[in-house]
Protein chains: 2
Amino acid sequence: MAEDDSDLNVTRETTSLRQLVENRLRSAIGSGRFKPGQRLIERELCEQTGVGRTSIREALRQLEAEGLVTTIPHRGPVVSTITANEAAQLYDLRGLLEGYAGRECARRRDPAIIARLRKQFVRMGEVAGEQDRSNLLAAKTEFYAALLEGCGNAFVERFLKMLLNRVTVLRMTSMTQANRIGNSLSEIENILTAIENGDEEAAERACVLHIRNAAKVALEALARSE
Amino acid sequence: MAEDDSDLNVTRETTSLRQLVENRLRSAIGSGRFKPGQRLIERELCEQTGVGRTSIREALRQLEAEGLVTTIPHRGPVVSTITANEAAQLYDLRGLLEGYAGRECARRRDPAIIARLRKQFVRMGEVAGEQDRSNLLAAKTEFYAALLEGCGNAFVERFLKMLLNRVTVLRMTSMTQANRIGNSLSEIENILTAIENGDEEAAERACVLHIRNAAKVALEALARSE
DNA sequence: GCTTGACAGATTGTCTGATAAGCGGTCAAT
DNA sequence: ATTGACCGCTTATCAGACAATCTGTCAAGC
């Protein structure tokens, strides 16, 4: 267990092609470059990425397992769509898991995690006024990442990451992040202070409330768009 | 929505080969035919299943995404092992999710689900005395399946299925199902009656308690085996 | 004896090309 | 308007090939 900070751990960046493709596709879907419902034709992906069909197909299988794409037999993969009903379930579960994560963060009070959370919160405040929302979104993403890692449960972390990917796609469907993102700042502050104070109950409640509010906005927008 | 029970919905049996392979491998792992830590060599799997490498590999990618196998670069896939620490996290999350499932079952009180639960519970009682535990295990599996479906949340259902698969592998690691399975009958009865009564709190508590007890036994056995 | 370096075998990672099968749309015939 | 045959597109799956890389071994050197 002799791990000092002089990190010799060389994690090779040369990941497998499949892995790269997987990440590329994931972010392409998350960013809206591939829209929900859109067909993803293997041959086209081959041309666009420059890799063989093998790697494309295997990457697609993983995304399929994550629920990000749905494969229709003999028709091919499409970017997963989501119904209002499923979206509600998604947010329900997210609330449950993120509540757990918040609670655990508050219980553990890992200084490193808290520092990361606070840093991102501060950054959110700084960039909240900007026209371009991408900085704010980035800070928020980082905040969540810290929250997930902080809960100390790899399974929760993994599942929440999956759910977040799906939520991102949902945003693409219903085009609803701009207004909401500002309002949620105070909610996030509540989460942060509860964690800093080690108040498990409050942290859980704050997380759940935060997700509930997000869910409300998203579901309304989704209903409107149908 | 005119769906009567004369079900014309012909869902093709002829699933894809990849799907079949995936299920085969999953159950081979779940049944202990492939043991944790064991290497799974593609070519051997090809010979054993009689399908090409493509299908094998794609099936492996899905199992990898589920966490059931771990692929070591340029070395190949192995059946995932699990540390005591991870196992504790696994059970924590399972408690959380199954608690939710129990609560939701109690809230919804779907008669069809309740009937299934009760049926399996009765069956458990009938076969509890048998020397061969497989009937009991089957009933328990069915009971869980009904509980998961009954919660009405596809995401919860899916995640819990993943976790259950991992737990099954864990059993293979620590060889500990025989004694426990009998003791849990009364716990299961508590779950069932709480759901039948529509008592959400009690259902959640009963589920969580059930998992906690299961976790304790499993973790002790796991610790002993290390 | 222990470390180092080189070598060989095993296995995956990836590509290519080929064939069969299934889905969806078109279009003529009834 | 419905039916049925036809056709193109795309996947599903296979076989074979080659490079990259991991692992273990074994001899050489200190």
Side-chain angles (χ1 to χ4, degrees), chain A residues 8-26 28-29 34-81, chain B residues 2 8-26 28-29 33-81:
Chain A
L8 292 185
N9 197 336
V10 182
T11 46
R12 132 138 44 198
E13 40 231 272
T14 317
T15 47
S16 66
L17 257 188
R18 160 180 87 245
Q19 194 80 228
L20 291 179
V21 171
E22 192 192 321
N23 291 336
R24 275 295 178 76
L25 291 182
R26 209 198 314 275
I29 293 174
F34 293 145
K35 296 184 188 10
Q38 179 176 340
R39 285 185 64 181
L40 302 174
I41 292 159
E42 289 181 6
R43 192 164 29 76
E44 291 181 3
L45 295 179
C46 289
E47 289 166 6
Q48 288 170 21
T49 58
V51 306
R53 250 173 62 240
T54 310
S55 307
I56 295 284
R57 285 179 63 87
E58 291 187 20
L60 285 172
R61 289 291 91 72
Q62 303 227 185
L63 295 181
E64 190 184 354
E66 280 178 40
L68 223 51
V69 308
T70 307
T71 298
I72 304 170
H74 290 283
R75 186 97 204 290
V78 298
V79 180
S80 293
T81 57
Chain B
L8 291 186
N9 197 339
V10 182
T11 46
R12 128 140 39 204
E13 309 277 326
T14 318
T15 48
S16 67
L17 254 188
R18 163 182 84 242
Q19 194 80 231
L20 291 179
V21 171
E22 192 191 320
N23 292 336
R24 275 295 178 74
L25 291 182
R26 209 198 313 277
I29 292 173
R33 174 138 167 33
F34 292 143
K35 297 186 186 7
Q38 178 176 342
R39 287 185 61 179
L40 302 175
I41 291 157
E42 291 180 4
R43 193 163 27 77
E44 291 181 2
L45 295 179
C46 289
E47 288 166 6
Q48 288 170 20
T49 60
V51 305
R53 237 175 90 190
T54 310
S55 306
I56 295 285
R57 284 179 63 89
E58 291 188 20
L60 285 173
R61 291 291 92 73
Q62 304 227 185
L63 295 181
E64 189 183 354
E66 281 179 38
L68 222 52
V69 308
T70 306
T71 298
I72 303 170
H74 289 285
R75 185 99 203 288
V78 300
V79 180
S80 294
T81 56

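Numbered from 1 within each chain, the chains take letters A, B, ... in sequence-line order.
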Between [atom2] of [N] and [atom1] of [X], the distance in whole Å:
X: A:Glu42; N: C:dA18; atom1: CD; atom2: P; result: 18 Å
X: A:Leu45; N: C:dC15; atom1: CG; atom2: P; result: 13 Å
X: B:Glu64; N: C:dG13; atom1: CD; atom2: C1'; result: 13 Å
X: A:Arg39; N: D:dT11; atom1: CZ; atom2: P; result: 7 Å
X: B:Gln38; N: C:dT11; atom1: CD; atom2: C1'; result: 16 Å
X: A:Ile72; N: C:dG22; atom1: CD1; atom2: C1'; result: 13 Å
X: B:Glu22; N: D:dA12; atom1: CD; atom2: P; result: 13 Å
X: B:Ile41; N: C:dA10; atom1: CD1; atom2: P; result: 11 Å

With a non-hydrogen cut-off below 4.0 angstrom, is [X] in contact with a base, only sugar-phosphate, or nothing?
X: B:Thr54; answer: base
X: B:Arg18; answer: sugar-phosphate
X: A:Leu40; answer: sugar-phosphate

If you look at every heavy atom in [X] and [Y], which pair is closest and at what distance?
X: B:Cys46; Y: B:Ile56; result: SG-CG1, 4.0 Å
X: A:Leu60; Y: A:Leu45; result: CD1-CD1, 4.4 Å
X: A:Ser80; Y: A:Gly67; result: OG-O, 2.8 Å

In sequence, state the C-alpha distance, the side-chain angles, and the governing distance for B:Arg61 and B:Glu58, and then conclude on salt bridge (Lys or Arg N to Asp or Glu O under 4.0 Å). CA-CA 5 Å; B:Arg61 291 291 92 73; B:Glu58 291 188 20; over 6 Å; no
Between A:Glu22 and A:Arg18, does any NZ, NE, NH1 or NH2 come within less than 4.0 Å of an OD or OE carboxylate oxygen? no
Nearest heavy atom decides the nucleotide; on that basis, is A:His74 or B:Glu44 closer to the 5' end of DNA chain C? B:Glu44
Heavy-atom nearest nucleotide on DNA chain C for A:Pro73 versus B:Arg61: which residue maps closer to 5'? B:Arg61
Counting just side-chain N and O atoms, does B:Arg43 come under 4.0 Å of either OP1 or OP2 of C:dT11? yes
Any A:Arg57 side-chain N or O less than 4.0 Å from OP1/OP2 of D:dA12: yes
Give the nucleotide from the list C:dG13, C:dC23, D:dC22 with an atom nearest to the side chain of B:Arg75. D:dC22
When only distance counts, do a donor and an acceptor, one from the side chain of B:Arg53 and one from the base of C:dG13, lie under 3.5 Å apart? yes
